[in-house]
Structure formats: structure tokens, C-alpha cells
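The block underneath contains the structure these notes are about, expressed in C-alpha cells.
Just so you know, these numbers use all the heavy atoms, side chains as well, and skip hydrogens, waters and symmetry mates. Lettering follows sequence order; numbering is per chain, from 1.
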Amino acid sequence: MTLKKLFAFCLLLLCQIICAQSDSINKLKEVVVSDVNLKKYSSSQSVQVLNDSVITKNEALLTDLLNFNSTIYFKEYGRGMLSTVSFRGTTVSQTAVIWNGININSQMNGSTDFNTISSSDYNSISVKAGGGSVIYGSGAVGGTVHLNNELGFYKRFENNLKLDYGSFNTIGINFKTNISNEKWSAQIGFSKNSSTNDYKYLNLYTWKGEQRWNQNGQYDIITVNANVGYKFDSKNSLKLYTQTSNTDRNTSLISETETKTRYVNGFNRNLLEYDGDFEKFTTNLKGAYIFENYQYYGNISSNNFTYGKTESLITKADLGYQISKSTQVNAIFDYNKTKGYGSGVGDHVREISSAALLVKQELSDDWKNEFGIRKEFTDNYESPVLFSLGSSYQFNKLYDLKLNLSRNFRIPTFNDLYWETGGNPDLKPESSYQAEIGNVFTFKNISLTQTFYYMKIKDLLQWIPGSNGIWSPQNTDKVNSYGAETLLNWKKQYGKNYFTVNATYAYTASKNEETKKQLFYVPLNKVTGSVSYSRNRISAYYQFLFNGFVYTRADNDPTEIINDYNVSNIGIDYDFKFLHTFKLGFQVLNVLNKEYESLEYRPMPGRNFNMYLTLKF
Amino acid sequence: MKFSKLFLIALSVSLFVSCSNDEEDNTPKGVYDNGFFILNEGTTQGTVSFSSNDLTSFTKDVYSTVNGSDILGRYAQNIFFNGDNAYIISGGANNITVVNRYTFKLITKIETGLLNPRYGVVKDGKAYVTNANTYSYENAATGDTDDYVAVINLTTNIVESKIDLNATANRVVLKDGKLYITDAYNDKLLVVDIATKKLDAPVQIGFNGDCIEEENGVLYILKGGFGNSSELVKVKISDKTTTKITFPESLSGAGFMDIEDNKIYYTVGSSVYTMNTNATAASTTAILTSPATYVYGFAVNDGRIYVSQGNFTTDGKAYIYDLTGALQKELTTGVGTNGFYFND
């Protein structure tokens, strides 16, 4: 984006600033979330909600937000490049990403690239640790990440604009507008995050003695969101969520002489939802169409590419009934048809139906029980019966105990089933049993959540060479994973001074059952922390990430590891109180200029800078 | 690119014709004299391991040990020698790293003119390196016809010219001023005259031809791989006539071949077999069955059989046997161990 265009864009917005002045009276605020079950059926598990104020303090892409604020471990192929996760010691496709209640992990490879998602496109991002396949389906093994858009049904006209400019020509434009009254609600958003990303590799030189730098790492991610809701009356409402995104990235080089490649991927998601609320009986109907595609250019100087596309149609009916004062049941039926085609996978259709039953029982204000069971029906694979069983008991004001037991799964992807040659149509889904105990302590302004879990995963899919030399996926390994997660929040006000402290710590032992070795690329320890302070118009913050070392080989060769690293960021902003909010901020990222990488030969940038302007009007 | 591995059927074996060194000079010219290199193609970086001939001394990563943080690049494919130098071809990095073969000290890198380089041979101060260039799965128009031989001046270490092959190309041997090139996806044996830099008439050998060896004026080409039936094709260089030995069904999917002292050694699955060069039928009696479940490199040299296990998420293995099939040594190598190169 050239500077000229940027100016034009700002001018365009100025007109809106003028007409937006009058709105400031807030009446009764009714906010509707699309993913109702996240709230309703997660009282026995730990859900961490990252709202707007946390989102804006972090770098634009979802990887940074979650890396610095959650227990999830990330592997990045360089800054802004492919970014995959491990949650509770599970594999990249065992964390499901849920967009407004719909599972959006790629049908082709089963996972989500967290650097293709701009955090500010959502009103809140929640991280739910532990199994969730009964509600969210495939991949909800280690945990789920929820991207939520909330529609408010009250009178307002609000605009948010955040502009970022930082090192390596990193530019962010994020705009969101909310227009609503008691009947209508619309939220329209646009985000564009790009960077030439040509940072220097600290203390690394070529054989000729030249400074090495991140070549061919440029990226550009554009997303447009439009969400509309309409309330017919107090009982019936209709919502439409749409999102279109395109990520155009080159892939950074390991050696300067490699052929430069480029990877373009995009998606289009549309979700129409009907909600009916008839006292004891509730109904939620969803229909979604999701399109995803990629194009891989093996050489950026030619137009040749390989590609893949999938189109999914998802229909879902969730019928709820309040049996008694304390007991509620939901019956969920869904049907899902996915057509996948492209280079290497041919042209295939997969149909999956499922039925699930959820029961929630609130014996008292303090004691809540949850139960869920689900079974999928498909010709493609043998699907296990999934279940989830949970209980939460509030002993007193200080202490809440949570127990949860579940069975979860991850289905084979189009690549696994149909790749030519090697795809194996006879695969089973990966499946897991998981048990966890959560202790939540609340004392004044402090909340401490500690969760211990144990997980057994079997039939892990792995591509291995067969006796005939052809690589093919097989259900091979079993993994036992156990660990502890600690989340800490503290908030305190001294006069006009506000302090917030957040910290997370994860201990993860994830071992191959046969070899007893820690899975490679799963750190035993990860710590995050943040401290923020605000007074009047000023706010300042510090955030910190420690990633323990990881093995890079399955045999845990102690010489083949990625060293532990800690990275710190600081930021400060000042609100000029021009308009509703007019914040100017400045951040120093990797302030200690640490050399670090999360994957071998993929160095991350040293100290770098970002400034931002946040306007609300 | 995980799946590129599936396309780049990277089967590898030492092919270089080891020059007979002066017998009188036994003083080592460096730490890495009198031993053999084991090439590991790697997933992120290629590495080179070294073992002394007496199998008592072993270094897992020679290049890093000597040259510090410098890297070879991805998918180390082949090593060839010339004089005191060793040339390490990294296909994914489009480069050749030139080191002293006895000290492994970096001398220079050849970084231009190469596109997915595969195998190299040397003649009169020039190296001839096959380049796979693009593949048809990504470039339907010219992927199967854009392979070439890069001619490298080994004094200047510059690619000074290219010989277009108008076909796919992979392994190469040199005999009497001509290059003989095979590729599994090419049903012809390519013949290149290096004097004129032109293609001679190719020889029809059928698809799946891979390992190629020259012995006494005859080219031996093993066909197999990927569940195909196996064949040994012999091409008489003088008149280009071909004969073939069809292997029995039990030997389908043959992998690698090497020739030593008029004996042909070949692998099927984890087993190694041998037959005389003048045999008319393949031997079905294995001389050894190695623990390697995925044989990814193979060589026979000076009374020993070398077999490697290709591992890609963990370190690989090299198994060294005598010619009767008795295991002499097991070594833990690097990722994607694909070849053995003898430095005497």
C-alpha cells in the first residue's frame, strides 16, 4: 500500500468521523454471540477470553496474540510465515479453530495457519483447553481457539480504526464499524497487514561474510468481514456472517540460493444462522458454505503453480429443551459435504453426518454437570463414539473444582486419503481419551486457574515409507501426554492507577508410548507474562514469553535441539481524547534484542519497532 | 515442502569411480583421509558424516565441525571429487559446496547456473552436473523437457555452459568422453558427447531405470522401484545393443545397485543380493537382510557393503557389512542418509 492510498483512505474516514460525533449514550446493551455452546457447555473446562484491549496490545497476527498470552506453543517458519501449533503436546491438526461456532481447520491438511488470521477481525478470541470434539468435531483434541464476532442489538454507530507502521515496512490497517439498533445490527470490518519482512538475522553471516537477512519473506493478508443480524421479535432472529480473506506470501529462504517460492491462500466463509427462543424450547439452525483454496508457485518468476480447493456445505440444527428448572438438553444434528480437488488429490467428495446429545444440569448455583455424546456417520472411515463428561463445584467463594473427561478425535484429511501417490483410503481417525482436573482460586482481585490433565492418543497419522518405497499415511503411534497449566490474573486499582498482571505457565510432557521419548517440537515448559499500567490517558505495558528448549528429532538426541528463548516487548500509548479515543502508541518488540528461532534455520527478528494510532468514534 | 520428497524420488548411491591413489603414500593428508563420507540429505539442512576406514573414528557432522555455522543447504544429493577437492551438491539450495576433501575446509561455493542439481562427474578439469530444473507436476508445459547438464570449470568454479537434454535426467556416469544419463521417468538412456556438447542418439531402455554403472565397456542399469517389476538392462557401449535380465516376481521393486570386482550387488527391500556380471539370471538368495526398513543409500567398496536407513524425523543409520553379509559396524548418521563416498 502506497502512502497515497493510505491518505485517501484516511480522508474517506474523516467524513465518517464528523457524522459520528453525536453517539455516546449507551442504553441497555444486548450482545449476541454466535457460539452459544462455548459458554453453555464449558463450565467444567478452562476458557481464557482475550478481548479487544488485549488484542490491540499485540502484533496484528493471531500467532503473536496467542504466543504471548496463552499456553499454546507455536512453530513459525520465520516471522509472518507458516505458523503451526501444539496445544497440550498434541500435533498441528489437533487444535481446532472455530469461527463463530464453525470448525474452520483446513479440509486439505487438517490444520490452521495462525499467521493467516488477523486478530482484530474479531471482537474476542477465546482459548479453550482440552477436548471438545463432541461440540466442535474433528481436531478438538488438545484444545480449541474460538474466533468470535459479537452482534450488539442496541443503538449505536461506532467506528474503530487502527493504523500500524513498524520495522521492515510492516503496515497494518484495521477498520471496523458497528451500526445497530434494537432490531438491526451490522458489523463491517476490513483489515490489511503487510510487510516486506526483510529483517536481519542477528549474528549470522554468509560464507562470504555478508550479513544474512530474511529473503523472500514478504506477506500481505487482507480480510473483509460483514456480519448482519436482524431480530424479528424477542423470539426470532437471523444472523449472517461472511468473511473473505486472501493471504499472499512468499516463503523465506533457508539458503540464499534457493529457488524463491510463493504461497497464496484464501477463503470465503458464509454462515446463516437462525435463532428461535420459545421459553422452554430453543432452536438454532445454521447453514454455512466455506470455500478454501491455495496456489503454490514453485518459482516466483514463473506463473506455474500447483493448487488445491475445497468447498464445504455445513448444515446444523441445534434443538434445546429445558426439561426442568435445573436440566437442559440439546440435540444437535449436522450434515457436512465437502468437495476437494486439486493437484495431487484428484477430485473427491466426502459426506459426514452426525448426531449429538448434550445435557446440562445445574443442581444449584454452585454445582453444574455436563454430559455430551456424539457419533458421526460416514462412508470414509470408522468413526468412534465421542463423549464428554464434566462437573464443576464451587466449594466457596475462594475455590471452584472442575472435572472433565472426554473422548475426542481428528479425522483424516483429503491429503491423507487421496494424495497421489500414497494416499491411504483405509485410515482410521486419530482418537484420544482425556481427563482433567481444574482448580480455580479466586481471592479478591486475583484469579488463579490450575489444570492438570492426562491424555492418551492413539492411531496418530504419520506419513511413512512403505515396504515398496512409497510414502503413505498410516495409523501408527500412540502418545501419552500429561501436564499442568496455570493461568493467573490480577487486577488492582490504587486511586487513578490501574494495574493488570496476567501470566500463564504450561508444563507439557508428551511422550511416544512405545519409545517413551518426548515428542519433538513440544517444549516441556512455556511461560508468558504481561504487566500493564494505566493512569488517566497513559497506559504502558510489558509482555514476556519464555519457550523452553525443544527436541528436533524423534529420538530426543540432546545435540539436536532448539534452545530455549525469552522474548520481551514493551509498549506505551497516550490517549489524546480527541474523538472518543485517539491513542498514539509506540512499541519496542524483542526489546532485549535476543537471537531466537522456533524452528531450525528460521531466525526471528531482533529488536524492532512499531507505532500505532487507534481511533474510536 | 513435505510432499516434494514424494516427487523427488531421491534414491541415491555412490557412483563415482574412485581413482586409484598412489599406493606408496599412506600418510593422511588430513583428518578425513582414509575413510568415507556418508551424505545425509536432511529436511532443513544436508549434513555429511565421516568414518575412518578402520571404523574406529566417527564424526556425525563434519561440515559444521569444521566450518561452524555455515550451512550446506537443503537436500544434499551427491558428492563428487576432483584432485584434493570434494564437491557437495545440494539440490534444494541450487548450489555446490566445494571443500578440501581431507580437511573439509570450505573453499568456495558454486551458486549460479544450477537448478535442482542432482549428480556430477568430472573429466579434464570440468564437472558435468545433471540439473532436474522444474518438474511436470508444477510445470506441465516444460517440466519434462527442461533438464540440463551444467558444465562447470573447476578452476574458476563457474558454470560456463549448459547442455540442454530435452528430457528428464538424474543419474550420470562417464565413459570415454561420453555421459550416460538415466532417469526413472525417462524411457531412454541419454548419451551426451562432452566434446561437442551434443546429444547422441539415445538408447531405449524403458521406464524406471535408475542406478547405472559401467564395467568393461558395458553399462548396467537397474530398473525397479515403487512396486515395479525389476530388470537389469545391459547396454554394450560399442554398438549400443541391449540385453536384459528380468528378475523373478519375488524381487519386484529393486532399489539400488553397485558393481565391485565383476559382481553386481543389488537391493530389494531390506535385503542385498549379488550376481556375477555375466550371469543370465538374478540371484534370489539374499546375502544379508539389514535392519534398515527404508534403504535410502547403498554402496559396495573394497570388500564392504554399505546400507543406510533413511529417517526423516530422527537420525538415520548406516550399516556396514563384509561381503559375506556379516555386520561390522552400525553408525548413527544424520537425517535422510542417502549415500557413501570413499576418500582414500
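- Shortest non-hydrogen contact noted between B:Glu138 and A:Thr306 is CA-CG2, 3.9 Å.
- Residues of residues 254-261 of chain A lying within less than 4.5 angstrom of chain B, judged on heavy atoms, are A:Ile254, A:Ser255, A:Thr257, A:Glu258, A:Thr259 in numerical order.
- Atoms CH2 and CD1, from A:Trp207 and B:Ile71 in turn, are 13.5 Å apart once rounded to the nearest 0.5 Å.
- Applying the side-chain contact (heavy atoms from CB on, under 4.5 Å) rule to B:Thr267 yields the partners B:Phe256, B:Val272, B:Phe298; only residues at least two apart in sequence or on another chain are considered.
- For A:Asn303, the CG atom sits in a loose shell: 12 or fewer heavy atoms of surrounding residues, nucleotides or ligands are nearer than 6.0 Å.
- Below 4.5 Å, heavy atoms of chain B meet heavy atoms from A:Asp555, A:Asp557, A:Thr559, A:Glu560, all part of residues 555-563 of chain A.
- Among B:Asn94, B:Thr108, B:Thr134, the residue making the largest number of heavy-atom pairs under 4.5 Å with chain A is B:Asn94.
- Only the side chain of A:Tyr601 comes within less than 4.5 Å of a heavy atom in chain B; its backbone stays farther off.
- Contacts with chain B (heavy atom to heavy atom, under 4.5 Å) involve no residue of residues 73-82 of chain A.
- The candidate with the highest count of non-hydrogen atom pairs below 4.5 Å against chain A, out of B:Val268, B:Asp70, B:Asn139, is B:Asn139.
- Closest heavy-atom contact between A:Leu204 and B:Ser69: CD2-OG, 4.5 Å.
- Closest non-hydrogen pair, B:Asp315 versus A:Arg553, comes out as OD1-NE, 3.3 Å.
- Heavy-atom distances place the side chain of B:Lys60, and not its backbone, under 4.5 Å from chain A.
- Less than 6.0 angstrom separates the ring centroid of B:Tyr294 from the ring centroid of A:Trp471.
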